[in-house]
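For reference, the structure is listed below as structure tokens.
Throughout, protein chains are lettered first and strands after them, A, B, ... in sequence-line order, and every chain is numbered starting at 1.
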Amino acid sequence: MDVSKVLKEALVELESTDNEDSVQLIRVKYLGKKGLVTELLKSLKDLTDEEKKHFGASVNLAKEELLGKINSRSLEINKTSINEKLTKESIDITFPPPISHLGKIHPISKTYKEVIDIFGNMGFSVAEGPDIETDFNNFTALNIPEDHPAREMQDTFYLDQKDENNKPFVLRTHTSPVQIRTMMSSEPPIKIIAPGRTYRCDSDSTHSPMFHQMEGLLINNDANMGHLKGNLINFCKDFFQINNLKVRFRPSYFPFTEPSAEMDIAYSIVDNQIKLGEGDKWLEILGCGMVNPKVIENCKIDSSKFQGYAFGLGLDRITMLKYGLTDIRSFFNGNNNWLKENGFSLGRI
Amino acid sequence: MKFTYSWLSDHLDTKLDASSIGEVLTNIGLELENLTDYSKTHGDFVVASIVEFKKHPNADRLNLCTVNDGSKIYQVVCGAHNVKKDFKGIFAKEGLYIPGIDLTLKKGKIRGEISEGMMLSERELGLSDDHEGIIELPQNIADGTDAVTALGLNDPVFEIAITPNRGDCLSVRGIARDLAAKGCGTLKDLKIEKIESSNFKSPISWFIKDDGNSCEYVLGRYFRNVSNHKSPEWLVKKLISIGQRPINALADITNFITIDQGRPLHVFDADKIEGDLTMHLSKEGDKVDTLDNKNYKLSKINTVISDSKNIHGIAGVIGGLVSGCNETTQNVFLEVASFKPSGIAKSARSLGIFSDARQCFERGIDKAFIQKGMDYASSLIIEYCGGEASTIVEAGNLNSNPVFIDYEFEKFTKVIGFNLDSSKQIKYLENLGFKILEQNKTNCAIEVPTWRNDIESPIDIIEEIIRLHGFEHIKEEKVISTNEEKIKIENSFSNKKFKIYERVKKILASEKYQEIITFSFHSAFSHASLKGDASLKLSNAISEEFGYMRNSMFGNHLNVLEENRKKGFEQQSVFEIGPIYQDINSQDNILSMMAFSIKGINTVFKSEIFAFNKLSTQITMLLKELNFDIQQFVIKRSENSMFHPGKSAELWQGKKLIAHYGAIHPFIVQEFIKAPEVYAAEIYLDNLPLDSIYNIKKVSFFESSYPFSKKDFSFIFKKDQNLFEVYKTILGIDKKLIQEVDFFDQFYSEEIGIDNKSITFRIKIQSKEKTLEDKELDDVFSRVIDTITNKFDAQLRN
């Protein structure tokens, strides 16, 4: 067999290929287990040493050349076919994709997270209580006896069902019953916040029959009004992100605290927008006070040993103030347009 | 509570102006709600005359007026129809703010003519809605007089909120007393002339029935031959200044004393009374016509005043119409009473009556002022209505035991946080009318003034002192977290729960679910549709729409989706984490998800229709993110009637329902929303074992470097075979070697039998220790085949 003839044939065949499969067929035909070049190598065994040396070298040379050519042909074909594919595979990248959003987190959820974090950093853990409460927990234990004028301060929702004291169940009008539940079930020191849903029969742009409140309660040996003041001012600074926050505490009345106070923060109107923290107008932010010793006693805790403070604030209200939202009803009607505008995207939460 | 600066000045000698008084009121706990001080807002407007006027050359309805304000002449363009020569009115120069129309005047031309100011109407002044021409004043007022004086508006009006504990401040006297105690001036002496009776006995006597009614004590006095005409000018003015309507002298005198002294009184036309008067509890169903021209149906909790024939009033709340006084009244009977506060509160609340008398009585009146109240009213009646006063009749007993408190000065520091000298503490108390009976270095004994029914313990005393001293003096202390508290927070169940809620919200938002918050109540219709418990009915719902506590959020969420659909949202996914109520005693905080899509029109970006598999994939993913494998739970078809019976599932762990989800029942869907199918899920987050979310066991990472092999199996199962069971069984066959099971095909055909299904899954086998030989692989395969065929009565295909 003529080595150069075989090589020449192979190269001619290779030249005429235009796809990877034919290249591989050529590889098998010449270099495979029974390929023509392989056969030539096998025939070496029948030759003399001198012939082996000469012929063997030329066969090996031919094999290497062929292998190189096959590989480069293969690469060439691959390149050509991808290039061809590329010219065919152009899509219209200008076709406008439909606008698509991820879901957003409700502003109230953001506030929940923030108040839990801020008070958490000051050592308050979260406590909870049910929305459907007994008259005792919602009123009586909080020093709001029946027929007390303070009951008129809140428009209460009642349920038809009565509790074991034959009083109708109520929807809690504030988160304060969690104070009672916590003091009834644990020993001081107590340091809790209780965010949750609360209810009053009232409905307009600033009142919703359901709203969110957060109660705070701290009971120990020596918590005083100075702690209360410092605690709440720091919270407001943190929450509203205003360092020089102008605030005032003024006397008020809640049956379950004494002395009672309301905390206002200053604001002004700049370009028709509320600017918090400075100015000569005041916004009521929360109610607070030293826990009335009667309430502490109602919860079977010795008021001569333990004292402390409590506060309650409207979570919807502080959310509205922080983000400049005006109608509380839009918090709860699921309006997709409002939620897209005022909800928080995952990138901002 | 409304009063004017001049009324306050009847009781308080003060140098402070109205706005300073207003500030002090808020600072001592009598919150100023509104201060109408016209001198601040209207002080720059002046009286001016229109000296001349002519038609505006370019506008038919306008006039060019020459206006003289006493010092200068102005040209004013005016459109009022009542303009005339020598007209006197109120003038605003350019640059002034006009409150009624919220506008600052600028010098300018109106239709080409210069206008240097404006003649004002009542509406422009913000006094009323009257815009029928500009205000006209009498000629005798000099030009240049300020508008406040000219219009008699120089008495600022205060409106303050009185908290339920401060009955004593439901009177101008009481407010003045508090202000004086704070140091805003001196409380003037109250001069009340004592009227001696003529020598005639009251023909009417008082009786208090011993039936548990709320009257404790009552005085009465008969006045004969009075003449009840219009009240004197000062009294009419006073009542009008705080927005009350003057009626006649007798009625006005009682109203005046109520506001001035917080001492409600009542006058009966004595000629309408038959026999004596008795305080007693009403009979169920009795009716009475009252002075507010209403008719009330009474019950056994209302204390009433009756003679032998008629009911003459709801005691302590409102008088009766029959014996009301009018101009023809000649003989009058005066009532001055003391009632139990709770009885009045109960009585008035049951009837929904809000009167000044009720406010005073339910907070408690000054029991030491009953006789004085009688004297005050008597002197005014005699002075303005004439007549003769009888001897005084009475009934009942006055329990007016003074309240004594033993007070420790140190207590102030303990509660308020800073030290206040005992002498200062005492000063504040004495200013407020407290009597210090005894005193040493540490303690004192205090007698509470009769008008302070709210003070009964040391904490009340502390509040009085700090209220007057000023909350601004309380020093802020820092509150920080201790290590124990940090640990407590870390272990707190509720803290953990809220953290998990946050994670869930983020996961769902990333799956395009919008977070919503809806009311905890829903409509009677939703409640019926979703089979809610009857115990969840609200007695006083604001409307049918919110009649029941929700037993599921589906009703509310379907409404939300429908409202948004109407706005053009054809693909929506929403979720809420919040409470649902099974009955009055049980509240579950759950995650509720809901989604639907209507086939979109976009053929380039095709959107997938929301269906069961998408929902179950999302739930699987959500649970996986929380460290739970959905297939570890027991799955069942849901029997809950909210769902489509064939397209819904329940996940259980032991006896705890973890979730139910699927297509909402078409019967329900069609009642709420125009959508072909709606999918929803309720996931009982609180039933998930929290600790397995938190305590993720760190197993040291080990990746097998040996080859794996995958093998597909197809079996024919009974159609109702629970594949979660099959899944769990396969994993259990060889926990070391079987790494994954992946179900990927399912079909039904007649060929395999209509009661059967063909299921295909792939298992991945890999050892952590070595390369498996064919023999070992075959062994696993045959164990899989044996187990499946035997345990589930299945047949291997092919």
Next item on the list: Could you tell me which non-hydrogen atom of Ser481(B) sits nearest to which non-hydrogen atom of Asn121(A), and how far apart they are?
Entry: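 Taking Ser481(B) first and Asn121(A) second, the nearest heavy atoms are CB-O, 3.3 Å.
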Checklist line | Contact summary for Lys229(A) and Phe471(B), nearest pair of heavy atoms | finding: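 Of all heavy-atom pairs spanning Lys229(A) and Phe471(B), the closest is NZ-O, 3.0 Å.
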[X] versus chain A, heavy atoms under 4.5 Å apart: side chain, backbone, both or neither?
| X | value |
| --- | --- |
| Ile466(B) | side chain |
| Phe493(B) | neither |
| Asp460(B) | both |
| Ile28(B) | backbone |
| Phe569(B) | side chain |
| Asn602(B) | side chain |
| Ala541(B) | backbone |
| Glu563(B) | neither |
| Lys499(B) | neither |

Below 4.5 Å, heavy-atom pairs only: which of [options] has the largest tally toward chain A?
| options | result |
| --- | --- |
| Asn589(B), Thr518(B), Asn165(B) | Asn165(B) |
| Asn559(B), Leu538(B), Val560(B), Ile516(B) | Leu538(B) |
| Met549(B), His557(B), Lys486(B), Glu490(B) | Met549(B) |

Chain B contact via [X] - side chain, backbone, both or neither, heavy atoms under 4.5 Å:
| X | value |
| --- | --- |
| Pro97(A) | both |
| His101(A) | backbone |
| Ser208(A) | side chain |

Verify whether one side chain among [X] and [Y] offers a donor that lies under 3.5 Å from an acceptor in the other.
| X | Y | value |
| --- | --- | --- |
| Arg197(A) | Ser520(B) | yes |
| Tyr581(B) | Asp131(A) | yes |
| Asn335(A) | Lys567(B) | yes |
| Glu31(B) | Ser252(A) | no |
| Ser100(A) | Lys512(B) | yes |
| Glu128(A) | Ser494(B) | yes |
| Asn495(B) | Ser125(A) | no |

Salt bridge between [X] and [Y], side-chain N to carboxylate O under 4.0 Å?
| X | Y | value |
| --- | --- | --- |
| Lys294(A) | Glu456(B) | yes |
| Glu485(B) | Lys191(A) | yes |
| Glu502(B) | Lys113(A) | yes |

Next item on the list: Would you check if the distance from the ring center of Tyr112(A) to the ring center of Tyr501(B) is below 6.0 Å?
Entry: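 No - the distance between ring centres of Tyr112(A) and Tyr501(B) does not fall below the 6.0 Å cut-off.
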Next item on the list: Pick whichever of Pro209(A), Cys201(A), Ala223(A) has the most heavy-atom pairs under 4.5 Å with chain B.
Entry: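 Highest number of pairs under 4.5 Å: Pro209(A).
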Note to self: Could you go through Phe157(A) and Asn540(B), starting from their C-alpha distance and side-chain angles, then the distance that decides it, and tell me whether this counts as side-chain contact (heavy atoms from CB on, under 4.5 Å)?
What the structure shows: CA-CA 6 Å; Phe157(A) 278 115; Asn540(B) 57 337; 4.0 Å; yes
Next item on the list: May I ask you to test the Ser510(B)-Leu346(A) pair for a side-chain heavy-atom distance under 4.5 Å?
Entry: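 Yes - at least one pair of side-chain heavy atoms lies under 4.5 Å apart.
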